[in-house]
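For reference, the structure discussed in these notes is given below.
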Amino acid sequence: MSLIDLANPTRFLALSARVLPWLAAATAILLAVGLYLSAVAPDDYQQGATVKIMFIHVPNAWLSMFVWGVMSMASLGTLVWRHPLADVAAKAAAPIGAAFTFLALFTGSLWGRPMWGTYWEWDARLTSVLILFLMYLGLMALWRAVEDPSRAARAAAVLTLVGALNLPIIKFSVDWWNTLHQPASVMRMGGSTLDKSFLIPLLVMAVAFTLLFVTLHLAAMRNEILRRRVRSLQMMQASRVAFSSDMGTGSRQENASTGAA
Amino acid sequence: MSLGPYAPFIVTSYVAAAIVVVLLIGWIVLDYRNQTERLRELERSGITRRSGRSATGTP
Amino acid sequence: MQGKMQLSGRGLGCVRGGRQVFSGLDFEASSGEAVAVVGRNGSGKTSLLRLIAGLLVPAGGTIVLDGGDAEMTLPEQCHYLGHRDALKPALSVAENLSFWADFLGGERSDAAASLATVGLDHATHLPAGFLSAGQRRRLSLARLLTVRRPVWLLDEPTNALDAAGQEMFGHLMRQHLIRGGLIIAATHAPLGLEARELRIGGVA
Amino acid sequence: MTALSALIRRDIRIALRVGGGALIGVLFFLTVVVLMPFAVGPDLALLSRLGPAILWLGALLASLLTLDRLFMADHEDGSLDLITMSRTPLELACAAKALAHWLAAGLPLIVATPVLGLLLNLDMVATGAVALTLLAGTPALTFTGMIGAALAVTLHRGGLLMAVLVLPLSIPVLIFGVAASQAAIVGPMTFGAPFSILCALSLVSLVIGPFAAAASLKHGLD
């Protein structure tokens, strides 16, 4: 298996078809273990049982950034190496990343309700994730707005990379804005010192969710390749010579096409 | 295990995660079925991929 | 379709952007007759068609259709085929056609049959955005066939059509004339059927 | 009737397909509302006081900025010519197009309101009040904005010029929309009075909008 093998969409389809079941099985097992570990994990002395939300929230928050990283790599592949699978990878990752980011926000807000007494606090971390979510949605809108996938790919790649460069700046500005307005009265999420009894389930869940992403991403990439194949076949179908001068019912069309095939 | 006074929040977040993941999987599976169905339809109407065949032919 | 119809214009004038395009123009056409409007660029061929279609207000003169449907205005009895094809690239070929059939209403014939006639029946479910310029033109011709209208106003109708397409279109126009329709076409190229010539903007 | 429903169905379909812009309005709404706290500060008490105003401004901008292609796209591909020539009165066709636009781009804004209310620390009552006033008020925005969209076709200028033309026209809707939501949240006015004026504004624009748009399209024919 070399990079050149992977560059060929047909090879990719064949290879991913073999890998996918194993990946899915590994994900399922790891998720089950992670869920069991987080169920038996003890309560936090400060947060109580709500610490269990963390076992979902933190992996999703991690993935929200990890997926953008994956998309940035893919975008580099699109712009620099013009790798044929790069924009497929970037496009397929966006909705999955958006879903994980949404989960990070949702669970964060559910965690915040008992902690802060409100579902939403303009806390620096949550706010940064919200901005990331908006950027995911914007990227998806861009993919949808441009009909031709290869043209959309370059625009989306530029946007993804600019976003990746901007994210630290955004994070920094939001942190600064946040401390300016409310001096550290809000309890930080997660807490800095983690007991081992929390760390292990958290790590297992993080790995499980990452595997889940890889599985979903591979499957979504396969779909995207097939979608492009359908599209190019449809274009071929559209440009098929129309026999117009005879006012036939189309039976001749059938003959002609089978002859051509 | 007891989830304490905040059980609804904990359960909701796990359920939400389950729902979103199931939705993602469902979307991907449906999309796959759709695309393969359309490919099969196109192939039935006599359209085949020239590039695909030549690509599999090269080492 | 109604009996004998006569479309006539008397003393038509057209002013576009402060410029007198033509004035005192007379024309007439009756059932089964085609009029080819010829003239150099900028002589007002398109403007004349748009005047008849009610898309421009004449600076003077009148246009009358005798013997048409008394309950409908002239534009409602016309098909206007302009430079642009009035198609939405996001909709499929069939959706585009059935929208216009539903929206324009009136007497209609089978949409699938007209798509077959113009040679697009293999592309029914494809987005119109996949079509080439010539195929889009064929799709707008299918509109003329699906919704029956006695008067066809055609602006450079054979543009973008290949030789086979032009032949097909000539056949369609002859059938329309035989059924008692009338055609007014602005054109540079020969229409492919016998047509009375109306030269406008002749004076240099 | 088939003609109008065909037009509505077509416009909604185009808006929802790839390349259509139905959901971009919601995204814009979301972004504008999220930007506000960065300017105002994350003070939840302040945000919940400003909440209805922020939501209304966001909805106003989102519904007007998505309008400028309402007639332009049909003008560019020649569809508008055929719509003008058809037996369906142009006023009704304009109303149908505006209705389709409202269904595809206006309703999602109202659906998104509760989520944004959460971000701005609005309680259930306040969010409900804002959503209800938006439901009553956004048709007025769409139908007055339509006049601007028609003028944009006539003048061959879209974008900002249209916004400049239309935004002043939407001031009454903004006033009574925000007033009604504030009345429901803090009082002292009753909710009924400004809300019925808002509904009246919507009804008036439902009548005036299509006529004005059709008139401007007819005069701009060329």
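In what follows, every chain begins at residue 1, and chains take the letters A, B, ... in the order their sequences are listed.
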With only heavy atoms counted, which part of C:Leu87 is less than 4.5 Å from chain D, the side chain, the backbone, both or neither? backbone

Carboxylate-amine/guanidinium contact C:Arg84 D:Asp81, below 4.0 Å: yes

Does any N or O in the side chain of D:Arg10 come within less than 3.5 Å of the main-chain N or O of C:Phe99, such that one atom is a donor and the other an acceptor? no

Could you state the interatomic distance from CG (D:Leu4) to CG (C:Asp102), rounded to the nearest 0.5 Å? 11.5 Å

Looking only at heavy atoms, the pair that brings C:Phe103 and D:Ala6 closest together is N-CB, 4.4 Å

Are the side chains of D:Met85 and C:Arg149 in touch, meaning some heavy atoms are under 4.5 Å apart? no

Part of D:Ile83 within contact of chain C (heavy atom distance under 4.5 Å): both

With rounding to the nearest 0.5 Å, note down the distance linking NZ in C:Lys88 to CG in D:Asp74. 4.0 Å

Are D:Leu82 and C:Arg143 close enough that some pair of their side-chain heavy atoms sits under 4.5 Å apart? yes

